[in-house]
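To start, the structure under review is shown below, and the notes come after it.
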Amino acid sequence: MRILYFAWLRERVGVAEESLDPPDTVVSVADLARWLAGRDEAHAAAFADPKVVRAALDRRHVKPDTPLDGAREVAFFPPMTGG
Amino acid sequence: MRILYFAWLRERVGVAEESLDPPDTVVSVADLARWLAGRDEAHAAAFADPKVVRAALDRRHVKPDTPLDGAREVAFFPPMTGG
Amino acid sequence: MSAPIPPDGGIFQVRVQAEPFDAAVESARLSTGRTDVGAVVTFTGLCRADAGAAPLTALVLEHYPGMAEEEMARLLAEARSRWPLQGAVIVHRHGRIVPGEPIVLVATASAHRGAAFAAAEFLMDWLKTNAPFWKKEERAAGDRGAPSAGGWVAAKSADDDAAARWTAPDDAR
Amino acid sequence: MSAPIPPDGGIFQVRVQAEPFDAAVESARLSTGRTDVGAVVTFTGLCRADAGAAPLTALVLEHYPGMAEEEMARLLAEARSRWPLQGAVIVHRHGRIVPGEPIVLVATASAHRGAAFAAAEFLMDWLKTNAPFWKKEERAAGDRGAPSAGGWVAAKSADDDAAARWTAPDDAR
C-alpha cells in the first residue's frame, strides 16, 4: 500500500511517501492512522490530533470510518487551503 | 419644463423631447402624465397604460405621487431593459 | 513588489459608450500594480442569437444620456457603502449590438471573494432594473415573432425579483 | 455571424500549473465565436501582501498531483449537473506565488447571468474546501508572526461555512 503525506503531515513524518503493508487488523482509514501513529515519534507527531487530519483513498476524499478495501493509494493531509 | 420620452413612449408621442408649461393644477408626476395624455391622440397612446410608465425628475427615478416641485427636466419611459 | 494602495486609492468608474469594450483590460486595471486585492470578479453580458423564422440580427440599445451615467454612479456608490470594495468598473454600451458582442461589463475588486461576488451580482441586478437603457430587437425580414410592441424588449419580472433580493438602494422605487 | 454551438460543444477544462495564467485569455475562450452565450463570470483569486514586522514575501502552494485535477474535474461535473453551463474553466497554480500574482481562476459561461454567477461561486467555495492544495507562507527574516505551525496557513471556518451553503456534492465529507 502506497501512503502519501502532504503539507505539515509530510514535514512531521519526514517523507512524502512510503510503501507499507499494514496487518489485517487495520480495516478502516482511522485504523490505518492509528497504526501509523504507533510506528515512531515522527508518525505520532503527524497524527497527534486526528481532528485536523483528512484522508483520501485512491484520490477521493473519504471519512475516517471508510474501509480500506484494497485501496492502492492512501493520502493523509491537513484541511485544504487552496483557492 | 423640459419633457423627455424614451423607447416606445418616444415612438408613440412622436418626439424625443418637448418644452411645455403645464398649468398650476399639475402638481405631481402623475398629474403631469394625465395632463399630457389629454393633449392629443399621440400622447394619449403613450400614456394609455400608466402601470408601464416610469418617470425621472431631474434624472432621478421617482414615484407617480412625487411633486414636480420646480423640476426642470421630467422624463417618461417604459420599465428598463438594459444590463 | 509595490506597496498596498489604501482602499480609497482604487479605481471606481462608470462609462457609457457605443464602442465595444475589452473586458480583460477593464478588469485587469483593478488589480494591476497592487498587492492588496485578493479577489476580482468580472461579469460580461453578451448579445445572444436566437433561432426561429425571423432570427435576431441585432439589439439596438437606447439610453438616457446623463441620467444613465448618474444612475450607474449612484448604484456604484451604493455597492461601496455595502461592501469593502477596492475597485469597481461598470461599462454599458448603447447603439447597435450584434449577437456575440458584449453589452455590459461589471468588474469588482476586494480583499475577499464574498464581497467581490456579492457586489458584482448586486450591481448587475440593479443595473437591469434601474439603469435607463432600453433594448429594441432588430430581426430578419418579416419581423415575425417580435415579442412586444415595435420590437421593444419587455422587462422581465425575473429581473425585478433578482433586484428585490437586495433591499432598495433608495426609496424611489 | 456564426451559428450557436450546442451546449455540449462548450469548453470544460480544469488545469493545474506552476506558470501564471492570463485570466482574460481563459475567460474569452468561453464566448469567442459563439452567439449562444449571454453571461460570462470570471473570478480571479490573487496573493495578497500584508503589513507587520515580517511581511509575507510569497505563498508556496503544495498540491496532490493527480488528485487535484481529478477533484477539480469532479467539482466541475457537479456544477454542470446543477446549472445549465455552456463552458467552464478552472485553473489553479502550485509552487511559489508572490503578492500581486494570481493563484486561481474560475470562469463560467451560461445563457443567463444567474447560472453563471451561482456556478462560479459554488466552484470557488468548493475548491477552497475540497481541492487538495495547501498554502505555506514565506515571510521576511525572523518569520515572526507566522500564523500556524511552520508557516502553513490554517483552514478558515468561514470557508467551511461558505461551502456548506451548497449541499454536499458527494457524501464523502
Side-chain angles (χ1 to χ4, degrees), chain B residues 1-19 28-33 36-37 41-83, chain C residues 16 43-47 59-75 90-94 97 103-106 121 123-137 147-157 159-160 162-163 168-173:
Chain B
M1 179 182 282
R2 196 178 170 209
I3 302 174
L4 309 182
Y5 304 99
F6 293 97
W8 54 256
L9 269 104
R10 172 181 54 72
E11 290 180 343
R12 289 187 189 175
V13 171
V15 297
E17 179 176 341
E18 54 190 344
S19 226
S28 69
V29 170
D31 292 342
L32 179 61
L36 288 166
E41 278 186 27
H43 285 81
F47 290 96
D49 184 1
K51 284 195 303 293
V52 291
V53 177
R54 301 280 181 271
L57 225 58
D58 287 335
R59 303 183 174 180
R60 283 180 174 269
H61 292 296
V62 291
K63 292 177 184 170
D65 59 1
T66 307
L68 293 171
D69 216 14
R72 287 168 305 173
E73 186 174 303
V74 184
F76 292 100
F77 40 77
M80 286 137 283
T81 56
Chain C
V16 176
F43 174 87
T44 311
L46 302 116
C47 176
L59 286 175
V60 181
L61 271 96
E62 181 171 330
H63 76 299
Y64 184 168
M67 179 171 169
E69 292 85 345
E70 288 176 23
E71 187 66 18
M72 287 157 70
R74 283 191 284 269
L75 295 178
I90 311 175
V91 183
H92 204 305
R93 289 178 67 194
H94 65 89
I97 297 171
I103 300 171
V104 61
L105 170 97
V106 164
E121 236 182 319
L123 286 171
M124 275 310 303
D125 286 348
W126 278 98
L127 271 179
K128 286 257 175 194
T129 54
N130 277 35
F133 289 84
W134 299 273
K135 291 192 185 101
K136 189 173 188 172
E137 297 185 343
S148 62
W152 291 99
V153 174
K156 293 194 189 94
S157 65
D159 288 332
D160 287 332
D170 54 46
D171 55 1
R173 293 286 303 278

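The sequence lines fix the lettering, A, B, ..., with proteins before strands; numbering per chain opens at 1. Being a predicted model, the structure only gives us computed values, none of them experimental.
When the candidates C:G45, C:A155, C:A68 are compared by the number of heavy-atom contacts under 4.5 Å with chain B, C:A155 comes out ahead. Your options are B:P78, B:A56, B:A75, B:A7, and the one with the most heavy-atom pairs under 4.5 Å with chain C is B:A7.
Annotation: side chain of C:F133 is not in contact with side chain of C:E71 (no heavy-atom distance under 4.5 Å).
Residue C:H94 does not touch chain B at all, counting heavy-atom pairs closer than 4.5 Å.
Judged as a side-chain hydrogen bond (donor to acceptor under 3.5 Å, both in side chains), not a single pair has a partner in residues 74-83 of chain B (not counting sequence neighbours).
Closest non-hydrogen pair, B:H43 versus B:L36, comes out as CB-O, 3.0 Å.
Under the rule for a ring-ring contact (aromatic ring centres under 6.0 Å, His included), the partners of B:F6 that lie at least two apart in sequence or sit in another chain are C:Y64, C:W134.
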